[in-house]
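Below: the structure, in structure tokens.
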Amino acid sequence: MPTQADVMEKIVALCRRRGFIFGSSEIYGGIGGFWDYGPLGTELKRNIKDAWWNDCVRNPPPGPNGIEYQMVGVDCSIIMNPKVWEASGHVGGFKDPMISCRQERCKKLFRADKLFIIGFYDQADIDDAEPVIEEAQGIATRDRQEANTLIQSLPHSHIPRFMKTLEADTPEDAVSQVPFDSLSHSVRRQFRGNPCPACWRLDRPLPPSWPPARCPICGGELTEARAFNLMFETHAGALQDSSSKVYLRPETAQGIFVNFPNVVKTSRVRLPFGIAQIGKAFRNEINPRNYTFRSREFEQYEIEFFCHPSEAAMWYEYWRDLRHKWYVDLGLRSDKLRLRDHEANELAHYAESCADVEYDFPFGLSELEGIANRTDFDLKAHIEKSGKDLSYFDDQRKERYVPYVIEPSGGVDRSVLAFITEAYTMDEDRASPEFMNFHPRLAPIKAAVFPLVAKDGLPEIAEPVYREIKKHVPCQYEAKQSIGKRYARMDEAGTPFCFTVDGQTKEDDTLTVRDRNDASQIRIDKSRCVEYLRDRLGL
RNA sequence: GCGGGUGUAGCUCAGUGGUAGAGCGUCACGUUGCCAACGUGAAUGUCGUCGGUUCAAGUCCGAUCACCCGCUCCA
């Protein structure tokens, strides 16, 4: 019985062997987190993007209660004015400061903003300074310098009598994890008056009077918090100084938000409507993993759907269900595909509600697409930062407002990997034990034409058939090697149908059609190939 | 970033100090009459890189680079 890891390895091997996906710049040893699509992978990815663009932008289904709505596209630059990323919070907040344990046998890695140190003061020690401590506690998690100044203003004797480091989501959570009563007797005996906890988040330097924090797992020494800015930086223009610093976009969404007024003024769109974009985004992941799933360069397909705040909940549900159905309709039919609503405590600060479309890859359940009600958070942030009015006047409602935004945002490369994973089928009973069961819309090659043998005039009959099909759908011709090997190769590429010209074709102009999934064959007239494909592929 | 693992032909790998190998794949020719057939022939390697030990290094030593797996995060 192959393990999940074995399956993943087989998929990776097939993708490489057949030219779906290669590691980037392999001849120089490769580079982590970057991938190239080969001939088959490029066709597959293009088909997925085309299906998305057609189904979401050019010809979306009617909205809730049959409401018609407009969808338009944009294609924004990857590098934008850095102020875009200040407004979006990426420059200030899109960092992951990390702390690790120096202890050889531990070496555990922590997110600095999830690591807290609790110090217990004795009330008797700080009676006169109590308001200062209390205030510092409150702002310690907000403003480093201010809190630092406050703590430093305390007399030297005010060092906590007991300190503990632990992992938590919030300071309140951290404090509640170590009730004073739970401390050992010998610790509690050190306190004469009431214990008073102070909590410090470790993504900023500790007050100078405090002893260093220790690892919550092993008690070992911890490193400083190091910031990993996930945005790639580069420079625009000749000068390579801070004034020319720019970023590769970490998401495509902001290009849509900053173009919202342009689209409204030039496109005769009326709310509710959506703006769609497919494009590359970049994140300097600390540790790219799981094949193409978490890459440093990736492509997103994304919609920002603008609507009246009172209708946001309705449109959120509409898009959530529509996007889930899209994956199902394109072949992710197994129970590996899930739609999961976020719990309230899981929501990002900008989202009112959020759901993930998840796929159960061999390496675990992972997110393909997130659908979020982002409220007016983004537009308001840009209004504030830019000073421009991004509000909308609604002629129907006779009302000016900042629209709410529903955002279905998916990873193209993640979808590609999910469709590949779902299509990958092993059947030891077949002559070709591996085949790719792609949905016909997604299959890189739709058909192949073979002469059964390369003699007796069969190639001369097969070639015109191939040339005719090629005008309508991607098709390949192959005359060499045994027929079985040619079928097997097409199975690995996921080609749904193979047409084979044999001796009988010379007599009655029929040829065989072989089905990829069950290897069954029927005979049709050789002039009906294109018609047959149209019919069976649903094109 | 830290720990572990791996680098030899396109792929999978063998090769424990003495001539660079196998299977599969690829290409050519022949054969072949429906599911990875067969025969003959051919091409393909700075043994990841740099340095050291040795008469001699794919093999031993050191360094370095890259990738993979874990810890963490996300579309």
Side-chain angles (χ1 to χ4, degrees), chain A residues 5 8-9 12-14 16-19 22-33 94-115 167 217 223-224 226 228 230 250-253 280-296 298-302 348 356-358 363 366-372 407-415 417 429-435 450-456 458 480-492 498 500-504 511-512 514 516 519-521:
Chain A
M8 199 60 218
E9 263 183 45
V12 172
L14 186 143
R16 191 183 148 57
R17 187 170 75 240
R18 297 312 316 272
F22 306 121
S24 171
S25 35
E26 276 182 350
I27 63 165
Y28 291 104
I31 175 168
F94 210 78
K95 293 167 188 258
D96 265 343
M98 306 294 283
I99 291 177
S100 65
C101 176
R102 284 212 168 92
Q103 193 74 244
E104 258 322 303
R105 271 172 301 178
C106 181
K107 292 289 183 192
K108 192 98 165 88
L109 187 70
F110 305 94
R111 265 185 65 166
D113 60 345
K114 294 270 169 80
L115 209 56
E167 279 185 283
I217 307 290
T223 62
E224 292 291 306
R226 288 159 301 185
F228 294 88
L230 291 190
E251 62 173 32
T252 51
K280 288 277 180 94
F282 303 81
R283 290 186 197 172
N284 196 3
E285 296 287 346
I286 305 163
N287 202 347
R289 272 308 140 78
N290 291 334
Y291 202 30
T292 58
F293 187 82
R294 191 191 310 139
S295 308
R296 294 191 167 119
F298 57 98
E299 201 156 7
Q300 289 183 307
Y301 40 38
E302 195 156 59
D356 285 344
V357 177
E358 297 178 329
F363 48 79
S366 309
E367 180 185 351
L368 300 182
E369 173 158 347
I371 301 95
E407 178 194 80
S409 169
V412 180
D413 308 272
R414 293 181 167 193
S415 297
L417 190 57
D429 295 335
R430 289 164 65 105
S432 50
E434 294 175 303
F435 69 101
F450 306 141
L452 183 57
V453 287
K455 63 173 187 180
D456 297 344
L458 299 190
K480 295 187 174 176
Q481 296 177 312
S482 75
I483 191 71
K485 183 171 288 191
R486 282 176 276 165
Y487 286 149
R489 265 208 292 262
M490 284 301 152
D491 285 345
E492 283 184 342
C498 295
T500 303
V501 169
D502 58 17
Q504 195 179 328
L511 40 63
T512 64
R514 171 191 181 269
R516 172 194 65 200
S520 65
Q521 286 181 324

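Within every chain, numbering begins at 1; the chains are lettered A, B, ... in the order of the sequence lines, protein sequences first and strands thereafter.
- Scanning both residues, A:D413 and A:E299, for their nearest heavy atoms gives OD2-N, 2.7 Å.
- For B:rU8 and B:rG45, the P atoms lie 14 Å apart once the distance is rounded to whole Å.
- Applying the 3.5 Å distance criterion, the base of B:rC11 shares no donor-acceptor pair with the side chain of A:R18.
- A:G503 comes within 4.0 angstrom of a base, heavy atoms only.
- One atom, CZ of A:R17, and another, P of B:rC11, lie 12 Å apart when rounded to the nearest Å.
- In terms of heavy-atom proximity, A:R516 sits nearest to A:D491 at CG-OD1, 3.7 Å.
- Separating the C1' atom of B:rA14 from that of B:rA20 is a span of 12 Å, rounded to the nearest Å.
- The ring of A:F298 lies on top of the base of B:rA75, close enough and flat enough: under 5.5 Å between centres, under 30° between planes.
- Rounded to whole Å, atom C1' of B:rA75 lies 9 Å from atom CD of A:E369.
- The minimum heavy-atom distance linking A:L458 with A:V453 is given by the pair CB-O, 3.6 Å.
- Each of B:rA37, B:rU32, B:rA75 was ranked by its minimum atom distance to the side chain of A:S482; first place goes to B:rA37.
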Distances for protein N/O vs nucleotides 25-27 of chain B N/O pairs under 3.5 angstrom?
| residue | atom | partner | partner atom | Å |
| --- | --- | --- | --- | --- |
| B:rG25 | OP1 | A:K485 | NZ | 3.2 |
| B:rU26 | OP1 | A:R489 | NH1 | 2.8 |
| B:rU26 | OP2 | A:Q481 | NE2 | 3.1 |

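- Nucleotide B:rC2 has B:rG70 as its partner under the Watson-Crick or G-U criteria, with both atom distances under 3.5 Å.
- In this structure, the nucleotide among B:rC34, B:rA75, B:rU32 sitting nearest to the side chain of A:T512 is B:rC34.
- Taking atom P in both B:rC65 and B:rC50, the straight-line distance is 15 Å, to the nearest Å.
- Projected onto RNA chain B by closest heavy-atom contact, A:R486 and A:Y291 fall at different nucleotides, the more 5' of which corresponds to A:R486.
- In terms of polar N and O atoms assigned as donor or acceptor, the side chain of A:E492 comes within less than 3.5 Å of the base of B:rA36 in a complementary pairing.
- As rounded to whole Å, 12 Å separates atom C1' of B:rA36 from atom CZ of A:F450.
- Across all strands shown, B:rA42 pairs with B:rU26; the Watson-Crick or G-U wobble distances both stay below 3.5 Å.
- Contacts of A:A454 with the nucleic acid, taken as non-hydrogen atoms under 4.0 Å apart, include base atoms.
- Spacing between atom CG of A:D356 and atom P of B:rA75 amounts to 8 Å, rounded to whole angstrom units.
- Heavy atoms of A:Q504 sit nowhere under 4.0 angstrom from any nucleic acid atom.
- In this structure, the side chains of A:R414 and A:S295 stay at 4.5 Å or more apart for every pair of heavy atoms.
- Pairing of B:rG62, defined by two Watson-Crick or G-U wobble distances under 3.5 Å, is identified with B:rC50.
- Here the closest non-hydrogen pair linking A:R18 and A:R489 is NH1-O, 2.8 Å.
- Across all strands, A:T292 comes closer than 4.0 Å to no nucleic acid atom at all (heavy-atom distances).
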Run the side-chain contact (heavy atoms from CB on, under 4.5 Å) test on A:E492 and A:L14 for me, step by step, so that the C-alpha distance in whole Å, both residues' side-chain angles and the decisive distance to 0.1 Å come before the verdict. CA-CA 8 Å; A:E492 283 184 342; A:L14 186 143; 4.1 Å; yes
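- Rounded to whole Å, the distance from CZ on A:R16 to C1' on B:rA9 is 13 Å.
- Taking only side-chain atoms of A:A488, from C-beta outward, the nucleotide of B:rA75, B:rA36, B:rC34 with the closest atom is B:rA36.
- The separation between A:N290 atom CG and B:rA75 atom P is 15 Å, rounded to whole Å.
- Here, B:rU40 and B:rU49 have their C1' atoms 40 Å apart, quoted to the whole Å.
- Shown here, B:rG17 forms no base pair; nothing in the strands shown gives a Watson-Crick or G-U wobble contact with both key distances under 3.5 Å.
- What you find for A:R486 and A:P451 is that their closest heavy atoms are NH1-O, 2.8 Å.
- With sequence neighbours left out, the salt bridge (charged side-chain N to carboxylate O under 4.0 Å, His left out) criterion links A:E434 to A:R17.
- Rounded to whole Å, the separation between the P atoms of B:rA56 and B:rG52 comes to 12 Å.
- In this structure B:rA36 sits in no base pair that meets the Watson-Crick or G-U test at under 3.5 Å.
- Side-chain contact between A:K280 and A:F298: absent, with no pair of heavy atoms (C-beta onward) separated by less than 4.5 Å.
- Within 4.0 Å (heavy atoms only), A:R430 reaches no atom of the nucleic acid at all.
- To the nearest angstrom, C1' of B:rC11 lies 12 Å from CZ of A:F22.
- B:rC24 and B:rA37 have their P atoms separated by 11 Å, with the value rounded to a whole Å.
- Counting non-hydrogen atoms under 4.0 angstrom, A:S366 reaches nothing in the nucleic acid.
- Comparing B:rC61 with B:rU16, their C1' atoms are spaced 15 Å from each other, to the whole Å.
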Please step through side-chain contact (heavy atoms from CB on, under 4.5 Å) for the pair A:Y301 and A:E369, ending with a clear verdict. CA-CA 9 Å; A:Y301 40 38; A:E369 173 158 347; 3.8 Å; yes
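- Atom CD1 in A:I483 sits roughly 18 Å away from atom P in B:rU31 (whole-Å rounding).
- Nucleic acid contact class of A:L368 (heavy atoms, under 4.0 Å, all strands): sugar-phosphate only.
- Using atom C1' as the reference point in both B:rU53 and B:rG15, the two lie 22 Å apart (nearest Å).
- No hydrogens or angles were tested; on distance alone, a donor-acceptor pair under 3.5 Å links the side chain of A:Q521 to the base of B:rC34.
- Nucleic acid contact for A:F293: base, since at least one base atom lies under 4.0 Å from a heavy atom of the residue.
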